[in-house]
Each structure stands twice: as structure tokens, then as C-alpha cells.
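A short worksheet on the structure shown next.
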Amino acid sequence: MNVPALPTSPPITLDVAIVGAGPAGAAAALALGGRGLRIGIIEKSRLPRYKTCGGGVLRRAIQLLPVDVRSAIERECNRADLVHHEPSLRFSCVRDQPIVSMVMRDRFDHLLTCAAEATGAQVFAGCAVQDVRVDAEYVTLVAEEQVFTARFVIAADGVGSVVARRTNRAPLREVVPALECEVTLPEGEMAPFLESARFDFGAVPAGYGWVFPKQGHLSIGVGTTRKGAASLPAEYRRYLDLLGIGEPLREERHGYMIPCRPRDGLFDLSRVLFVGDAAGLADPVTAEGITGGILSGQLAARAILAGGLQPAAVNAAYRSTLEEALLADLRVARWLAWVLYDCPRLRVRLLRRYGPSMSELMTRIVTGETTYRAIVRRPGNYLKLLRRAA
Ligand SMILES: Cc1cc2nc3c(=O)[nH]c(=O)nc-3n(C[C@H](O)[C@H](O)[C@H](O)COP(=O)(O)OP(=O)(O)OC[C@H]3O[C@@H](n4cnc5c(N)ncnc54)[C@H](O)[C@@H]3O)c2cc1C
């Protein structure tokens with residue numbers, strides 16, 4: 001293993017070092033702020049930084065945030081169009097409040113990080129963590145030009161988590177590829193896509209395509225649960241054809257990975273709490289990870305406070321609250337994703353019979369009106385019956 005040379009400046013001592021200034025890291029810092037603790041956010045990029053993402057922030061995520069993020073929202077969609085291919089069906093769900101708020105992640109994440117900084121967190125940007133050592137009393141983080149020691153580390157460093165790798169955690173499983181393109185079209189061609197968040201299930205093998213309207217451009221993307229089986233650039237081209245889009249005026253493509261299964265051994269390491277993508281907490285149905293990032297960041301922070309900075313108590317608090325608030329729900333979502341993406345015949349039967357109510361239920365989940373778990377708990381719910389049969 002290539003161990004980087006230690007920087008010469010004296011270590012910075014923190015109570016909690018948060019690695020990564022995405023939504024998970026910023027949410028953790030916000031929840032820890034204003035309590036007299038020394039909090040540091042260590043981020044490898046200069047801020048604001050670009051992040052490959054559709055930038056669709058679901059209502060359930062917005063509701064979790066303690067800060068007003070309206071200045072970072074480019075467009076709000078009160079309508080979601082769920083378009084299914086094979087069988088060909090289309091359902092529109094409308095709400096008084098936005099179902100999805102569209103952001104560019106550089107501005108959104110930066111707003112959250114600045115809000116955390118205002119509560120007293122120190123931000124070390126342009127500072128990539130390269131090595132991690134966990135001792136009984138503290139954790140040492142070695143960055144390019146700086147060493148940090150901290151009583152706790154919140155690993156919010158995304159799907160490729162260096163903290164996980166340098167502490168020998170097992171690799172994440174069920175990491176799915178997605179391709180996101182920022183597309184500008186002539187004004188007239190853009191107009192039909194500006195009012196709603198559009199999802200096309202089955203437009204991509206075992207996955208979906210999306211169109212999210214932003215300010216002056218569209219985010220169009222494709223994702224699949226089949227690792228390596230699909231050529232996403234080719235699927236993306238087919239998806240543009242399906243949408244009736246010819247040659248965009250401008251197009252910028254970015255591909256990346258989304259982790260849709262919680263990390264094995266998530267709670268095995270004392271003093272290190274994994275959150276967001278680093279913990280594998282994206283929703284397996286929607287591949288949406290901002291909600292899980294914010295929620296887990298907040299729960300990790302609250303566990304550190306509730307556990308009085310005692311490792312065993314902190315670990316137990318994080319384990320029980322994450323299980324109750326998120327992991328149990330993700331287990332139901334994983335089962336639903338399996339039906340949706342891996343059981344084409346069952347999916348067709350379900351959609352033909354229950355399409356409108358399934359679309360409404362999905363909308364209720366993403367707006368935070370209910371959860372996957374609450375739905376299958378309801379006596380007599382058809383999904384519950386199916387789950388027993390599966
Ligand atoms: C194509 C695509 C489209 C998506 N669309 C959506 C969507 O529309 N809605 C949605 O909710 N989710 C979407 N997601 C998922 C979403 O982007 C992630 O789930 C979310 O960003 C996770 O947040 P996070 O804070 O855990 O990690 P990240 O946002 O990835 O933040 C991690 C941070 O850690 C930093 N970092 C990494 N390594 C180091 C290091 N060694 N030292 C210091 N800092 C480090 C990174 O620079 C980064 O700033 C999409 C993902 C992809 C790939």
C-alpha cells in the first residue's frame with residue numbers, strides 16, 4: 001500500500017472531522033453546529049465544485065433541511081410524469097407543493113456548506129484526505145498538506161470513499177452506473193419539458209431515463225441497475241430519440257456511480273461513521289441519494305451528541321436510529337426495485353392493474369407523505385400480499 005509522506009505542519013485537532021462537503025457532510029456539520037465542538041469539513045475540491053447529478057431534490061429531502069435553500073433552486077416541479085414502456089402507460093401526479101426541486105449541485109451543496117460554516121464549522125477546501133488511521137482515543141486523517149486528529153470522523157466522501165478504502169472496509173455492492181447530460185435545445189423544443197419532472201421506466205433496460213428542467217437547460221439522463229450490461233451512451237442516444245430530441249445546441253455529458261445497497265459492516269468501525277453514498281444509502285427504486293445523505297448525516301451527528309462523544313454509545317445510537325429511520329425502509333425499497341427492474345412480467349401485471357395507485361404511492365413516498373415501510377405495513381395492501389408471494 002502506498003502510504004503518503006506526512007506533512008510537516010502541526011496537526012489540527014478537531015472533535016469531529018467530516019470528510020466531504022456534499023449534502024451528507026454539510027447536513028452533519030449543520031446538525032453539530034453551535035454546540036461548542038470543534039468541527040472541520042475536509043473537502044478535496046475547491047468550492048463550489050461540480051457534482052455529477054440530475055440535481056432533482058425530492059420534497060422529502062428539502063423537508064429535512066434546517067436552512068432555506070430557495071436561492072439555489074432553479075425550477076420547482078409540482079408535477080411528476082411517470083411514463084412506462086412495455087406496457088405503454090403514462091401517469092401524471094400533481095401536488096400543491098413542489099414534488100421535485102431542481103438544483104445545480106455546485107450551488108446547492110455550497111449553500112449548505114456555507115450555512116454549516118456560519119454555525120462555526122471550519123471548512124478546509126482543496127484538501128484531499130489520503131490516509132486514515134484509527135486509534136483507541138482518536139482518528140488521524142492525513143491530507144495532502146495537513147494532518148488532522150479527531151475524536152470522531154464522519155465519512156461523507158461519496159461512493160469512492162477514501163476513508164472506507166484506507167480503513168480496509170469491504171467494497172460497496174450494487175453500485176449502479178448513471179449518465180447525466182446537461183442539454184440545451186432551441187427554446188421551442190425545450191418548452192414541453194419545462195413544467196414537470198419526467199421519468200421513463202423501461203426506456204433503459206432494467207432502469208429509467210429522466211428529464212429534469214433547469215434554468216436554461218435540461219438535465220437528461222439514463223441509469224440502469226444492470227452493471228456493465230448496458231452501454232449508457234447508446235441508451236442515452238436512444239432515449240433522446242424516444243423523447244423526439246434531435247441534435248442539442250449544447251450538451252455536456254458526465255457519468256458516475258450510485259450505491260444502492262448499504263455498506264456491509266456499516267457499524268463495525270469505532271469512531272468512524274459512514275454516511276450518504278459512502279455508506280451506500282441511495283434509494284434502490286429511484287437511485288436518489290440526497291435524502292439518504294442528508295438524513296444519515298444528521299443521524300450520525302445526533303448520535304455523536306446523544307452518545308456524549310463516547311464511542312460505544314455513539315455507535316449504538318447511530319445503529320439504532322439509522323435502522324429505524326432509513327435502513328428498514330431501504331430493505332422494502334430494494335424488494336420493490338427487484339419487482340420493478342428484474343421481474344418484467346410481474347411489473348406489467350402490476351402496472352396494468354394498479355398503475356394509477358402505484359404512481360400516487362410513489363409520489364407520496366418521494367414527497368415524504370409516507371414511506372415504503374408504512375405502505376407495506378398497511379393491512380391488505382396489495383404490495384404486502386405480493387411481497388409474501390415473492
Ligand atoms: C448521474 C447521477 C445522477 C444523480 N441524480 C440524482 C438526483 O437527481 N437526485 C438525487 O437525490 N440523487 C441523485 N444522484 C445521487 C446523488 O448524487 C448522491 O447520492 C449524493 O450526491 C450523495 O451525497 P453525499 O454527500 O453522500 O456524497 P457526494 O455528494 O458525492 O459528496 C462527497 C464529497 O466528498 C468529497 N471527497 C471525496 N473524496 C474525498 C477525499 N479523499 N478527501 C476529501 N473530500 C473528498 C467529494 O469531492 C464530494 O464533495 C445521482 C447520481 C448520479 C451519478
Side-chain angles (χ1 to χ4, degrees), residues 4 17-29 40-62 64 77 100-106 108-110 112-113 123-132 141-144 146 148 153-166 172 175-182 197 199 207-212 214 219-224 232 236 253-260 263 274-283 286-297 300 366:
I18 299 167
V19 185
I41 303 178
I42 306 165
E43 163 60 48
K44 75 171 174 192
S45 303
R46 300 259 165 225
L47 299 176
R49 59 93 181 89
Y50 185 85
K51 162 78 178 91
T52 300
C53 184
V57 188
L58 301 181
R59 178 143 200 86
R60 66 180 178 183
I62 297 276
L64 289 168
C77 294
V100 193
S101 299
M102 303 302 177
V103 305
M104 290 305 288
R105 287 287 303 279
D106 52 353
F108 178 74
D109 292 13
H110 195 223
L112 294 179
T113 303
V123 178
F124 303 91
C127 188
V129 169
Q130 296 178 327
D131 201 13
V132 183
L141 298 172
V142 181
E144 273 156 38
Q146 186 61 57
F148 300 85
V153 166
I154 295 182
D157 51 344
V159 63
S161 176
V162 167
V163 176
R165 275 186 278 137
R166 301 306 286 192
L172 285 165
V175 178
V176 305
L179 181 66
E180 193 271 334
C181 306
E182 321 268 1
F199 302 85
Y208 72 88
W210 73 82
V211 186
F212 290 173
K214 304 281 178 69
S219 161
I220 303 182
V222 288
T224 176
L232 285 185
Y236 166 71
R253 296 186 185 191
H254 302 270
Y256 208 48
M257 309 300 286
I258 311 178
C260 293
R263 182 180 284 290
F274 290 92
V275 298
D277 276 10
L281 299 178
D283 179 323
T286 61
E288 175 265 336
I290 296 176
T291 309
I294 293 170
L295 183 56
S296 58
V366 301

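We count ligands from 1, going down the list as the structure has it; atoms in each ligand are counted the same way.
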Do you know the tightest heavy-atom contact between Gly160 and Arg165?
-> O-NH2, 2.8 Å
What is the minimum heavy-atom distance between Asp277 and Val159, and which atoms define it?
-> CB-N, 3.5 Å
Which of the numbered atoms in ligand 1 are below 4.0 angstrom from a heavy atom of Gly289?
-> 10 (C), 11 (O), 12 (N), 15 (C), 19 (O)
Would Gly221 count as a contact of ligand 1 if the rule is a heavy atom under 4.0 Å away?
-> no
For Cys53, the ligand 1 atoms with a heavy-atom partner under 4.0 Å come out as 2 (C), 3 (C), 4 (C), 5 (N), 6 (C), 7 (C), 13 (C), 14 (N), 17 (O), 50 (C)
Please confirm whether Val19 comes within less than 3.5 Å of ligand 1 when only nitrogen or oxygen atoms on both sides are compared.
-> no
Within the 4.0 Å heavy-atom cut-off, what His254 brings close to ligand 1 is neither
Look at atom 21 (O) of ligand 1 and find which of Arg105, Glu144, Lys44 reaches it with the closest heavy atom.
-> Arg105
Run the numbers for me: atoms of ligand 1, each under 4.0 Å from some heavy atom of Ile42, listed by number.
-> 43 (C), 44 (N)
For Gly276, the ligand 1 atoms with a heavy-atom partner under 4.0 Å come out as 26 (O)
Please identify which atoms of ligand 1 are closer than 4.0 Å to at least one heavy atom of Arg49.
-> 29 (O), 31 (O), 48 (C), 49 (O)
Does at least one non-hydrogen atom of Ala156 fall below 4.0 angstrom from an atom of ligand 1?
-> yes
Number the atoms of ligand 1 from 1 as they appear, then name those within less than 4.0 Å of a heavy atom of Ala24, with their elements.
-> 24 (P), 25 (O), 26 (O)
At what distance is the nearest protein heavy atom to atom 19 (O) of ligand 1, and which residue and atom is it?
-> Asp277 OD1, 2.7 Å
Using a strict cut-off of 4.0 Å, indicate which atoms of ligand 1 neighbour a heavy atom of Phe212.
-> 8 (O)
Mind listing the closest non-hydrogen atom pair of Gly276 and Ala24 along with its distance?
-> CA-CB, 4.0 Å
Closest candidate by heavy atom, reference atom 1 (C) of ligand 1, pool Ala178, Gly56, Ala28 | Ala178
What is the minimum heavy-atom distance between Ala125 and Arg46, and which atoms define it?
-> O-NH1, 3.5 Å
Should the proximity of Ile258 to ligand 1, defined as any heavy atom under 4.0 Å, be assigned to the side chain, the backbone, both, or neither?
-> side chain
Looking at Arg253, Lys51, Glu43, the heavy atom closest to atom 30 (O) of ligand 1 belongs to Lys51
Flag for Glu182-Ser219: side-chain donor and acceptor within less than 3.5 Å | no
Side chain, backbone, both or neither: which part of Cys127 comes within less than 4.0 Å of ligand 1 when only heavy atoms are counted?
-> backbone
Ile41 versus Ala29, closest heavy-atom pair with distance | CD1-CB, 3.6 Å
Any side-chain heavy-atom pair from Glu144 and Cys127 closer than 4.5 angstrom?
-> no
Using heavy-atom distances, let me know which of Gly297, Gly54, Ser161 sits nearest atom 3 (C) of ligand 1.
-> Gly54
Hey, is ligand 1 close enough to Val159 that some N/O pair sits below 3.5 Å?
-> no
Nearest heavy atom to atom 31 (O) of ligand 1 wins, so pick from Gly20, Gly22, Ser45.
-> Gly22
Please report the closest heavy-atom contact between Cys260 and Val176, naming both atoms and the distance.
-> SG-CG2, 4.1 Å
Non-hydrogen side-chain atoms of Arg105 and Pro23 separated by less than 4.5 Å | yes
Between Asp157 and Arg166, does at least one N-O distance fall below 4.0 Å, as a salt bridge requires?
-> no
Which atoms from ligand 1 have a heavy atom of Ile290 less than 4.0 Å away?
-> 10 (C), 11 (O), 12 (N)
